[in-house]
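To start, the structure under review is shown below, and the notes come after it.
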Protein chains: 2
Amino acid sequence: MARITDLALTADVVLFRLAEDTLTVLLIQRHNEPFAAMWALPGGFVDAGETLEEAARRELTEETGAADIPFFEQLYTFGDPGRDPRGRVISVAHLAVVPPGRVAVTAGDDAADVSWYPASSLPPLAFDHDIIISYALKRLRYKLEYADVVFHMVPEVFTLSDLQQAYETILGEPLDKRNFRRKMLQADILDDTGDVRTGEGRPAKLYRLRPDAQPEVKARRLFP
Amino acid sequence: MARITDLALTADVVLFRLAEDTLTVLLIQRHNEPFAAMWALPGGFVDAGETLEEAARRELTEETGAADIPFFEQLYTFGDPGRDPRGRVISVAHLAVVPPGRVAVTAGDDAADVSWYPASSLPPLAFDHDIIISYALKRLRYKLEYADVVFHMVPEVFTLSDLQQAYETILGEPLDKRNFRRKMLQADILDDTGDVRTGEGRPAKLYRLRPDAQPEVKARRLFP
DNA sequence: GCAATAGTGTCTGTTAGACAGTATGGC
DNA sequence: GCCATACTGTCTAACAGACACTATTGC
């Protein structure tokens, strides 16, 4: 066999966000061929001089307006021959999350439309993007147990009920309230802000992630 | 910025093997520029029509003779601009392991020489291969806790001392013998072959991994 | 006082980690 | 009987999971 002649490199992003009790993924409706008018992950070709993550962030911003995302990491590289009808296109997929309401998205550039879709009911997707999202979801759930990523999916200040809701939505299963609170508080990674949030029912204490919580501390296995 | 004009795609392999009480990595001495005569990971350009893993396996075999490796998975993609003086070269790194003595390596093709180096004392390496190996080692140690990979690094039939030795060598720390054996046996993933290995000292029972041990079973966290 | 949500405590079984001596075989 | 290695058991502390009621606020 011979070296590839039509090689191209893209960086794509699976961006998750919680909306009430639904886990959603940011998708764009493609403007151009191939798969014009179908939904797809934001992403695009890597430019000379930029890293893979820079390319992924840039494309995300150009296509959807989402910018400055703290949790952003490489996920997996999808490169099977035939995954793109245009030729040999390698996609370096990234995993990112934002807190609720954090990103006001607007279609730009190559995107005819932009929308958050529930991860559990996605439209038909271009390329192998359905596989990429499945993989991203698996990784997200897995990472949840190490207690870092979830704090990028809730507001900076949150109640324990918020936090539990986030866990339950992502994992797709209910957790026991008393055990959840015990473990979270014993993990010693939360600061009590002293404030409460009022609304319906009894006011709830507000917490934030301890700013000095070291990565290793945060990485304690919370839900084995 | 513009699309990349000099893009190339390589697949590289970090292959680990245990040799007595040392963890070793397979390296090749480069034959061609750039970095001619320096040591590097086996790997090379992906051909049209092959998957990334196929390319990695083919290059490994061409350069070193190592073939048919059961544990072989994608590790991470390294694509910073400037990591290769020839232009924009994206490396999809793979992680693989073999049991002791499993691979008789011989230099082929692009390799002037092939050798197993202790992971703890590597020679100066071409490209960013030192970073890739660090990352692979971190992942290997991490994966060890989930008890699948280690069984690809010991002979098909092994004693509990063999297994403990493998863990200790990879993790770089001693483990308590009684606790180790208790956990391994309680995990219910080992078959007693009924045979023993004699030699110096008291004969040791030989075990093998239970063939029906499901991935999920194997994936139980053994050493948190 | 009712609705709604926040918050709390105990028991039980399992597991992890610390720790030292006995058993078996070859010579 | 000596050397080398395999093998074994107990105690303690921490943790996970099951489980139901009380507390506080707004109305």
Side-chain angles (χ1 to χ4, degrees), chain A residues 20-21 141-142 144-147 154-155 157-169 171-208 216-224, chain B residues 20-21 141-142 144-147 154-155 157-169 171-208 216-224:
Chain A
E20 277 112 70
D21 53 355
R141 286 187 173 142
Y142 187 79
L144 211 57
E145 299 180 351
Y146 294 90
V154 293
V157 158
F158 48 83
T159 68
L160 286 176
S161 297
D162 291 342
L163 204 55
Q164 184 175 351
Q165 171 77 232
Y167 269 97
E168 290 178 338
T169 301
L171 294 175
E173 63 185 73
L175 300 172
D176 180 85
K177 191 200 287 197
R178 286 160 293 185
N179 294 339
F180 180 86
R181 298 166 95 89
R182 167 162 42 93
K183 272 187 276 193
M184 271 299 156
L185 294 173
Q186 282 182 0
D188 196 36
I189 54 176
L190 299 184
D191 263 347
D192 187 338
T193 63
D195 297 330
V196 295
R197 178 197 298 160
T198 57
E200 287 193 294
R202 174 172 170 178
K205 281 188 179 181
L206 286 165
Y207 294 87
R208 81 178 83 234
E216 309 89 66
V217 174
K218 292 188 207 166
R220 283 190 47 193
R221 190 173 181 83
L222 286 178
F223 295 95
Chain B
E20 277 112 71
D21 54 355
R141 286 186 173 142
Y142 188 79
L144 210 58
E145 298 181 351
Y146 294 89
V154 293
V157 157
F158 49 84
T159 68
L160 286 176
S161 297
D162 291 342
L163 204 55
Q164 183 174 353
Q165 170 78 241
Y167 269 96
E168 291 178 339
T169 301
L171 293 176
E173 61 185 79
L175 299 172
D176 180 85
K177 191 198 286 197
R178 286 159 294 183
N179 294 339
F180 180 86
R181 298 165 95 90
R182 165 161 44 91
K183 273 188 272 193
M184 271 298 157
L185 295 173
Q186 283 182 0
D188 195 36
I189 53 176
L190 298 184
D191 264 347
D192 187 338
T193 63
D195 296 331
V196 295
R197 179 196 298 160
T198 57
E200 286 193 295
R202 175 173 170 177
K205 281 189 178 179
L206 286 164
Y207 295 86
R208 79 177 85 233
E216 308 90 67
V217 174
K218 292 187 207 166
R220 283 189 47 192
R221 190 173 183 84
L222 287 178
F223 295 96

CE-OH distance between B/Met184 and B/Tyr167, expressed to the nearest 0.5 angstrom
3.5 Å
Apply the test side chain to side chain contact (heavy atoms under 4.5 Å, CB included) to residues A/Leu144 and A/Leu171: give CA-CA distance (whole Å), side-chain angles for both, the deciding distance (0.1 Å), then the verdict.
CA-CA 8 Å; A/Leu144 211 57; A/Leu171 294 175; 3.6 Å; yes
Between protein and nucleic acid, restricted to nucleotides 23-27 of chain D and to nitrogen or oxygen atoms under 3.5 Å apart, what atom pairs and distances do you find?
unit_1, atom_1, unit_2, atom_2, d
D/dA23, O4', A/Arg202, NH1, 3.4
D/dA23, N3, A/Arg202, NH1, 3.2
D/dT24, O2, A/Arg202, N, 3.4

From C-beta outward on B/Arg178, which listed nucleotide comes closest to its side chain: D/dC7, C/dC19, C/dA6?
C/dC19
Could you state the atom-to-atom distance from CZ of B/Arg197 to P of D/dT5 in whole Å?
12 Å
Could you tell me the separation between the OH atom of A/Tyr207 and the C1' atom of C/dA6, rounded to a whole number of Å?
10 Å
Give, for atom CZ of A/Phe180 and atom CD of A/Glu168, the distance between the pair rounded to the nearest 0.5 Å.
8.0 Å
Quick test: give all pairs of protein nitrogen or oxygen and nucleotides 10-14 of chain C nitrogen or oxygen below 3.5 Å, distance rounded to 0.1 Å.
none

With sequence neighbours left out, the residues meeting salt bridge (charged side-chain N to carboxylate O under 4.0 Å, His left out) with A/Lys177 are none
Just compare D/dC19, C/dA6, D/dA6 and give me whichever is closest to any side-chain atom of B/Arg181.
D/dA6
List the atom pairs, donor and acceptor, that lie under 3.5 Å between side-chain atoms in residues 196-203 of chain A and the rest of the protein, sequence neighbours left out.
unit_1, atom_1, unit_2, atom_2, d
A/Arg197, NH1, A/Asp162, OD1, 3.4
A/Arg197, NH1, A/Asp162, OD2, 3.2
A/Arg197, NH2, A/Asp162, OD2, 2.9

To the nearest angstrom, the CG-P distance between A/Leu185 and C/dA6 comes to 14 Å
Check side chain to side chain contact (heavy atoms under 4.5 Å, CB included) between B/Arg182 and all other residues, then give those that pass, not counting sequence neighbours.
B/Asn179, B/Gln186
Mind calculating the distance between CD (B/Glu173) and C1' (C/dA16) to the nearest angstrom?
14 Å
Atom pair CZ (A/Arg181) and CG (A/Asp176), whose distance is rounded to the nearest 0.5 Å:
10.5 Å
Partners passing side chain to side chain contact (heavy atoms under 4.5 Å, CB included) against B/Thr169 (at least two apart in sequence or in another chain):
B/Leu18, B/Asp21, B/Leu23, B/Gln165
Rounding to a whole Å, what distance do you find between B/Leu206:CG and C/dG25:C1'?
15 Å
Figure out the CG/P separation between B/Leu163 and D/dC7, and round it to whole Å.
12 Å
How many whole angstroms separate atom CE of B/Met184 from atom P of C/dA16?
11 Å
So, is A/Lys177 near the phosphate of D/dC19, with a side-chain N or O under 4.0 Å from OP1 or OP2?
no
Report the residue (B/Asp176 or B/Asp162) whose heavy-atom-nearest nucleotide on DNA chain D is the more 5′ of the two.
B/Asp162
A/Glu173 atom CD, neighbour heavy-atom count above 12 within 6.0 Å:
yes
Can you tell me the distance, in whole Å, between the CZ atom of A/Phe180 and the P atom of D/dA16?
13 Å
